[in-house]
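Accompanying notes for the structure given below.
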2 protein chains.
Amino acid sequence: MSVQLKDALETLKDSGVRITPQRHAILEYLIQTMTHPTADDIFKALEGKFPNMSVATVYNNLRVFREAGLVKELTYGDSSSRFDFVTSDHYHVICEECGKIVDFHYPGLDEVEALASHVTGFKVSHHRMETYGTCPDCAKQPKH
Amino acid sequence: MSVQLKDALETLKDSGVRITPQRHAILEYLIQTMTHPTADDIFKALEGKFPNMSVATVYNNLRVFREAGLVKELTYGDSSSRFDFVTSDHYHVICEECGKIVDFHYPGLDEVEALASHVTGFKVSHHRMETYGTCPDCAKQPKH
DNA sequence: ACACTATTTATAACAATTATAAAATAATAT
DNA sequence: ATATTATTTTATAATTGTTATAAATAGTGT
């Protein structure tokens, strides 16, 4: 079992959340995958192991994880939310052709937050940033 | 009529889009408002003028405007998309209490794009960034 | 074992958005 | 101007992601 999973389970237990087999499996899947899956991706990936699991369970538990700070919800325009196990500060590049999401590290944009706060009078707590473009694979292929 | 509206209509005409009364009104409303409205906001705002207008018309035309580069769609997690008439490079602060959105100017984050591209091999074309916090009004009021 | 609470399941409801087809409107050519 | 054609609007239904509900199940503390 990975350290990340162990820590995550610990965090949940400490906040009084029960570790059910479904929760264990969803967390494990989130940690091991690199694909920033949708709720439905997770549901599909686990239906072999849990033939009777409901989609609601996936959504419920993703919310539980989000509230515990273990998981981030990424919301993009048209389609459904994607979920990202929180590791350390990183941002995303998103391929507009195929939807692939890749992480990259960059120092937090504290300066922008400070300016925003100064100019607007808001108390700024956090921000969101993504870059968009074309991934190497799609750059090779002819469009669509 | 504002210069912005005139320019927008010009842009549409040039790309072969007909200027219907509904389109004129939607554009006008988008330019004049400061509120980054949802499709439904627009629909409601114009139903006095166009009692028979369909919601689909609003959505259709917002897509037309978006494809013409006149309007930006802002997508946040839970609720519905908001639409922003494209003026010049600016970012948004969003109040997490009341949903208010306020603009602020900041030089484009070209450096981040460059690094993302360099690290991941993506061809990066643009980015998205917002800051979140509490607006002055909500900071005064007790929560909820 | 028993009562109590949390969780899962199954299903229905919901809300935002999109697709469809008919009617209306605007542009174009005659 | 009129007829023709293409576009747009309208009204409605369908779709999709997500959430709410209630019953069934499993875990926890006494």
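Every chain is numbered from 1 and lettered A, B, ... according to where its sequence line falls, protein lines coming before strand lines.
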Problem - NE2 on B:H24 to OG1 on B:T20, rounded to 0.5 Å - result: 10.0 Å
Practice task
In whole angstrom, give the distance that lies between atom CZ of A:R18 and atom C1' of D:dG29.
Solution key: 11 Å
Fill in the blank from the handout: From the candidates C:dA10, C:dA16, C:dT7, the one with an atom nearest any side-chain atom of A:A56 is C:dA10
Problem - Carboxylate-amine/guanidinium proximity below 4.0 Å for A:E130 and A:R128 - result: yes
Exercise for the section: Answer with base, sugar-phosphate or nothing: what part of the nucleic acid does B:S81 contact at a heavy-atom distance below 4.0 Å? Expected result: sugar-phosphate
Problem - Nearest-angstrom distance from the residue atom OH of B:Y59 to C1' of D:dT12 - result: 16 Å
Completion exercise
Assign each of B:T20 and B:F83 the nucleotide of DNA chain C bearing its closest heavy atom; nearer the 5' end lies the nucleotide of B:F83
Practice task
Report the distance from atom CG of A:N60 to atom C1' of C:dA6, rounded to the nearest whole Å.
Solution key: 11 Å
Practice task
Using modelled atom types only, decide if a donor and an acceptor are shared between the side chain of B:R23 and the backbone of B:R18 within a distance under 3.5 Å.
Solution key: yes
Fill in the blank from the handout: Atom CG of A:L12 and atom P of C:dT7 are separated, to the nearest Å, by 10 Å
Problem - Distance, rounded to the nearest Å, where A:Q22 contributes CD and C:dA10 contributes P - result: 11 Å
Exercise for the section: Return the nearest nucleotide to the side chain of A:A39; candidates are D:dT18, D:dA20, C:dT17. Expected result: D:dT18
Exercise for the section: Report yes if at least one side-chain N or O of B:T57 is closer than 4.0 Å to OP1 or OP2 of D:dT10; otherwise report no. Expected result: yes
Handout entry: Protein-nucleotide distance (A:E47, atom CD; C:dT9, atom P), rounded to Å
Key = 13 Å
Problem - Euclidean distance, atom NZ of residue B:K44 to atom C1' of C:dA15 [Å, nearest integer] - result: 12 Å
Problem - Interatomic distance where CG belongs to A:L62 and C1' belongs to D:dT19 [whole Å] - result: 13 Å
Exercise for the section: Select base, sugar-phosphate, or nothing to describe what A:N61 touches, counting heavy atoms under 4.0 Å on all strands. Expected result: sugar-phosphate
Fill in the blank from the handout: Between B:V55 and B:G16, the residue closer to the 5' end of DNA chain D by nearest nucleotide is B:G16
Fill in the blank from the handout: NE2 (B:H36) and CG (B:D41) are apart, to the nearest 0.5 Å, by 12.0 Å
Practice task
Output the distance between atom CG (A:L109) and atom CD (B:E111), rounded to the nearest 0.5 Å.
Solution key: 9.5 Å
Handout entry: Proximity to the side chain of A:S54 - top-ranked nucleotide from D:dA20, D:dA11, C:dT9
Key = C:dT9
